[in-house]
Amino acid sequence: MLNTKRWSVDLKKDLSTYYPQIKQAALLLQQNEVVAFPTETVYGLGANAKETEAVKKIYEAKGRPSDNPLIVHIAEVQQLHEFAQIENEKVKTLMDAFWPGALTLVLPCKPGILSKQVTAGLSTVGVRMPDHPVALELIRAAGLPIAAPSANRSGKPSPTLADHVASDLDGRIAGIVDGGSTGIGVESTVVSCIDEIPVILRPGGITKEALEEVVGTVNVDPGLTKKDEAPVSPGMKYTHYAPEAQMYMFHGSDEEMQCHIQKYQAEGLKVGVLTTEEKKEWFAADVVFSCGRREKPETVAANLYRVLRQFDETDVDLIISETFSEQGVGSAIMNRLQKAAGGRNLSSLK
């Protein structure tokens with residue numbers, strides 16, 4: 001078991017105050033160790049993207065399937081040209097509009113530079129520039145492209161606090177840079193730029209509508225719902241974000257949902273409900289948690305993983321979740337909820 005170091009960075013203070021701590025974390029990355037760090041989406045689990053020895057430690061710490069590719073994080077556009085190719089103007093347009101930010105671009109990968117463990121054997125690589133001062137400074141200090149999936153055990157809800165990282169990975173990684181709570185709360189939008197028309201492989205913090213405002217038509221990959229294809233983006237294939245209790249998506253009226261709650265309670269089960277501020281007093285369940293305001297879906301995205309982890313601190317036997325509009329960031333919210341539920345819908349229960 002490793003002695004996981006932890007450095008706290010107060011974003012309200014001048015970042016230069018924390019350069020010594022950030023440099024310590026960067027040194028561990030240079031030594032092919034694994035370090036968790038905050039981004040504007042969720043906490044990432046970083047390692048040197050060029051070294052297979054380092055990248056393997058990410059998979060080992062997370063218990064992550066090796067055919068699930070990793071996103072490479074950079075701090076300067078110049079780093080991108082070292083290992084990836086830009087083949088059309090839309091890529092530059094997207095970078096100009098959304099970097100730094102919650103947008104991952106899938107591009108052709110130059111051979112022989114990144115570890116094959118990063119790309120999972122594919123000829124493409126996902127790249128993003130995070131919009132977080134600690135993440136950017138850490139990457140600059142390390143002087144390396146950093147492969148970084150979310151800093152949680154595979155299948156668990158992604159971490160939005162350093163305490164979430166420690167709960168999953170303490171003793172399994174070399175260090176955690178604690179930058180407080182993350183902002184957006186769901187991972188980056190992943191967009192393939194291999195063809196002329198960009199394709200969303202994973203919905204996230206940047207909406208389809210926002211993308212289309214700058215580059216025109218953007219398609220959505222049908223692979224988001226297919227289970228028998230090799231994933232070309234993190235989050236496309238496996239059950240993710242799941243709390244310990246089985247979770248079910250409910251499509252119907254509030255009255256019907258309450259009937260199902262009562263049915264399972266009558267069978268002796270403790271029922272948890274994932275809902276919103278507008279309805280948290282409406283449902284009579286054993287545990288009711290709100291993940292934000294329905295009229296402000298960005299608050300739902302920001303709190304979703306925290307609430308899923310909160311259920312793990314209770315003794316509920318099952319969780320029933322509301323559903324949301326798939327417009328805007330709602331697409332990312334529903335994608336994560338569907339993954340957390342493993343495709344289970346309440347209507348399919350006997």
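Source: prediction; values computed, not measured.
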Evaluate the side-chain proximity of [Y] to [X]: yes if any heavy-atom separation is below 4.5 Å, no if none is.
X      : Y      : value
Ile184 : Thr39  : no
His251 : Leu346 : no
Leu201 : Val191 : no
Thr119 : Pro69  : no
Glu87  : Val91  : no
Lys280 : Glu277 : yes
Leu114 : Cys109 : yes
Ile333 : Pro297 : yes

CG of Asn48 to CD of Glu33: how many Å apart, nearest 0.5 Å?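 Spacing of CG (Asn48) from CD (Glu33) equals 11.5 Å.
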
Could you grab the distance from atom CD1 of Ile200 to atom OG of Ser331, nearest 0.5 Å is fine?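 If we round to the nearest 0.5 Å, Ile200:CD1 and Ser331:OG are 7.0 Å apart.
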
Donor-acceptor under 3.5 Å ([X] side chain, [Y] main chain):
X      : Y      : answer
Glu40  : Asp131 : yes
Gln79  : Glu76  : yes
Lys156 : Arg309 : no
Ser115 : Gln117 : yes
Glu278 : Arg294 : yes
Asp195 : Ile197 : no
Arg344 : Met249 : no
Asp168 : Arg153 : yes
Arg172 : Lys57  : no
Lys62  : Ser150 : yes

Is it true that atom [atom1] of [X] has more than 12 heavy atoms of other residues, nucleotides or ligands lying nearer than 6.0 Å?
X      : atom1 : answer
Lys5   : NZ    : no
Gln327 : CD    : no
Lys92  : NZ    : no

Walk me through whether Asp163 and Arg306 qualify under salt bridge (Lys or Arg N to Asp or Glu O under 4.0 Å). CA-CA 11 Å; Asp163 285 346; Arg306 175 186 59 79; over 6 Å; no

Between [Y] and [X], does any NZ, NE, NH1 or NH2 come within less than 4.0 Å of an OD or OE carboxylate oxygen?
X      : Y      : answer
Lys270 : Asp317 : no
Glu212 : Lys208 : yes
Arg293 : Glu295 : yes

Using distance alone, with no hydrogens and no angle criterion, decide if Arg128 and Thr189 have a side-chain donor and acceptor under 3.5 Å apart.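 No, no side-chain donor-acceptor pair sits under 3.5 Å.
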
Flag for Gln265-Asp286: side-chain donor and acceptor within less than 3.5 Å: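 On atom types as modelled, these side chains qualify, holding a pair under 3.5 Å.
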
Please give me the minimum heavy-atom distance between Asn335 and Pro203, naming the atom from each residue.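 Minimum heavy-atom contact is CB-CG, 3.6 Å.
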
Nearest non-hydrogen partners of Leu308 and Ala340, listed with the distance: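 Between these two residues, the closest heavy atoms are CD1-CB, 4.3 Å.
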
Derivation and outcome, side-chain contact (heavy atoms from CB on, under 4.5 Å), residues Phe250 and His260: CA-CA 10 Å; Phe250 180 76; His260 282 288; 3.5 Å; yes

Are [Y] and [X] co-members of a hydrophobic cluster defined by side-chain heavy atoms under 4.5 Å apart?
X      : Y      : value
Val127 : Leu211 : yes
Ile194 : Val190 : no
Leu2   : Leu45  : no

Chi angles and distances behind the side-chain contact (heavy atoms from CB on, under 4.5 Å) call for Phe324, Thr276: CA-CA 10 Å; Phe324 298 86; Thr276 52; 3.5 Å; yes

State yes or no: are the ring centers of Tyr43 and His164 separated by less than 6.0 Å?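 When the ring centroids of Tyr43 and His164 are compared, they turn out to be at least 6.0 Å apart.
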
Kindly indicate, with the supporting measurements, whether the criterion side-chain contact (heavy atoms from CB on, under 4.5 Å) is fulfilled by Leu337 and Leu304. CA-CA 9 Å; Leu337 285 172; Leu304 182 60; 3.7 Å; yes

Scan residues 182-194 for pairs that pass salt bridge (charged side-chain N to carboxylate O under 4.0 Å, His left out), counting only residues two or more places apart or in two chains.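 Residue pairs with at least one partner in residues 182-194: Glu187-Arg336.
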
Starting from the C-alpha separation in whole Å, work towards a yes-or-no answer on side-chain contact (heavy atoms from CB on, under 4.5 Å) for Ile320 and Val271. CA-CA 7 Å; Ile320 302 174; Val271 181; 3.9 Å; yes

How would you list all residue pairs meeting side-chain hydrogen bond (donor to acceptor under 3.5 Å, both in side chains) that involve residues 95-104, not counting sequence neighbours?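 As it turns out, the side-chain hydrogen bond (donor to acceptor under 3.5 Å, both in side chains) pairs with a partner in residues 95-104, which skip direct neighbours, are Thr104-Ser188.
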
Remaining members of the apolar cluster that contains Val9, side-chain heavy atoms under 4.5 Å: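 Joined to Val9, directly or through intermediates: Trp7, Leu11, Leu15, Tyr18, Tyr19, Ile22, Leu28, Leu29, Val35, Phe37, Val134, Leu138, Ile139, Leu144, Ile146, Val177.
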
